[in-house]
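Report on one structure; see the data block that follows.
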Amino acid sequence: MSRYTIGQVERKTGLSQRQIRYYEQKGVVRPERTAGGHRLYSEDDVARLQSLASFLARGYTLAQALAALQARPARRRVEELPAKEGFVRPEAPSLYPLVGRDQFLRRLRERERDDEPGQDG
DNA sequence: TTTCTGACA
DNA sequence: TGTCAGCA
């Protein structure tokens with residue numbers, strides 16, 4: 001499995017090194033360390049950070065993006081998650097309470113018609 | 001040259 | 001979150 005330095009992850013995700021380290025503190029990723037203490041990120045770490053960046057780009061607050069990431073710990077498709085769970089509305093995440101999975105998917109698809117697709121769903 | 005931690009704004 | 005210092 002390939003590993004990436006923070007500099008490589010910075011280029012792949014568009015996030016700053018400062019942000020990447022901060023999100024590690026928040027528990028988003030748990031990179032390995034070299035003997036010298038340098039971080040080594042896995043493909044999965046990069047994917048999670050790309051998802052986070054995608055959520056932030058869509059207007060989610062950091063708290064909402066983190067919550068959304070926790071709702072999908074391992075690259076699970078939204079369709080596979082319990083319909084009962086709450087999801088952040090894709091069209092204006094900071095203005096509304098959580099909605100059900102099906103409504104989330106419907107709104108997301110409506111939004112994706114006129115919006116550019118993100119890195120991740 | 002790149003990354004690390006800690007700290008300030 | 002950006003940025004700087006001082007290391008390894």
Side-chain angles (χ1 to χ4, degrees):
Chain A
M1 193 181 289
S2 31
R3 291 289 187 276
Y4 305 90
T5 64
I6 195 167
Q8 293 175 307
V9 176
E10 177 180 38
R11 291 172 209 119
K12 291 173 77 74
T13 64
L15 297 169
S16 68
Q17 295 188 19
R18 180 71 176 79
Q19 286 176 297
I20 295 168
R21 295 191 185 110
Y22 179 67
Y23 299 150
E24 175 185 349
Q25 288 190 307
K26 290 297 177 181
V28 177
V29 292
R30 309 186 67 77
E32 297 173 18
R33 297 289 184 133
T34 66
H38 289 200
R39 293 169 175 80
L40 285 181
Y41 298 85
S42 67
E43 298 274 10
D44 200 65
D45 288 332
V46 174
R48 282 178 74 74
L49 289 168
Q50 285 178 327
S51 293
L52 177 58
S54 176
F55 283 125
L56 294 175
R58 286 179 177 146
Y60 284 50
T61 64
L62 177 58
Q64 290 169 332
L66 292 174
L69 228 49
Q70 285 179 5
R72 189 199 50 186
R75 308 201 60 53
R76 194 78 58 223
R77 296 181 67 220
V78 175
E79 289 86 343
E80 300 172 42
L81 294 172
K84 195 70 165 57
E85 280 186 22
F87 293 85
V88 178
R89 292 196 191 196
E91 76 275 26
S94 64
L95 300 179
Y96 302 101
L98 300 179
V99 299
R101 180 198 64 188
D102 296 334
Q103 185 176 160
F104 169 83
L105 284 171
R106 182 169 59 74
R107 290 175 178 281
L108 184 62
R109 281 160 188 152
E110 286 171 4
R111 180 178 179 72
E112 285 175 344
R113 274 184 236 139
D114 51 67
D115 204 68
E116 88 271 87
Q119 290 283 321
D120 193 306

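Note on naming: letters A, B, ... go to the chains in the order of the sequence lines (proteins, then strands), and numbering restarts at 1 for each one.
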If we only count heavy atoms from C-beta on, is the [X] to [Y] side-chain gap below 4.5 Å?
| X | Y | result |
| --- | --- | --- |
| Arg48(A) | Asp44(A) | yes |
| Arg39(A) | Arg33(A) | yes |
| Leu62(A) | Tyr23(A) | yes |
| Thr13(A) | Tyr41(A) | no |

In this structure, how many angstroms lie between the [atom2] atom of [N] and the [atom1] atom of [X], rounded?
| X | N | atom1 | atom2 | value |
| --- | --- | --- | --- | --- |
| Glu32(A) | dT3(B) | CD | C1' | 17 Å |
| Ile6(A) | dT5(B) | CD1 | P | 9 Å |
| Tyr22(A) | dT5(B) | OH | P | 16 Å |
| Leu66(A) | dT1(C) | CG | P | 10 Å |
| Leu49(A) | dT1(C) | CG | P | 12 Å |
| Arg21(A) | dC4(B) | CZ | P | 4 Å |
| Gln8(A) | dT3(B) | CD | C1' | 12 Å |
| Gln17(A) | dT5(B) | CD | P | 11 Å |

Exercise. Using a cut-off of strictly less than 4.0 Å, decide whether Tyr23(A) has a side-chain nitrogen or oxygen near OP1 or OP2 of dT1(C).
Key: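 For Tyr23(A), the contact criterion (side-chain N or O under 4.0 Å from OP1 or OP2 of dT1(C)) is met.
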Quiz item: Side-chain N or O of Ser16(A) less than 4.0 angstrom from OP1 or OP2 on dG2(C)?
Solution: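 Affirmative; the distance criterion is met.
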Quiz item: Gly36(A) near the nucleic acid: base, sugar-phosphate alone, or nothing, with a heavy-atom cut-off under 4.0 Å?
Solution: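 The residue Gly36(A) makes no contact with any strand.
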Quiz item: Under 3.5 Å, is there a donor-acceptor pair linking the side chains of Arg21(A) and Gln25(A)?
Solution: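 Per modelled atom types, Arg21(A) and Gln25(A) side chains form no pair under 3.5 Å.
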Quiz item: Considering only side-chain heavy atoms of Arg39(A), which listed nucleotide, dT5(B), dT1(C), dT3(B), is closest?
Solution: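 Nearest to the side chain of Arg39(A) among the choices is dT5(B).
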Quiz prompt | Arg33(A) side chain, from C-beta outward: closest of dA7(B), dT5(B), dT3(B) | solution =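 Shortest atom-to-atom distance from the side chain points to dT5(B).
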Quiz item: Can a donor-acceptor pair under 3.5 Å be found between the side-chain atoms of Arg18(A) and the base atoms of dT3(C)?
Solution: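 Looking at the base of dT3(C), it does pair with a donor or acceptor on the side chain of Arg18(A) (distance under 3.5 Å).
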Exercise. Provide the Watson-Crick or G-U wobble partner of dA8(C), both distances under 3.5 Å; none if there is no partner.
Key: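 Partner of dA8(C): dT2(B).
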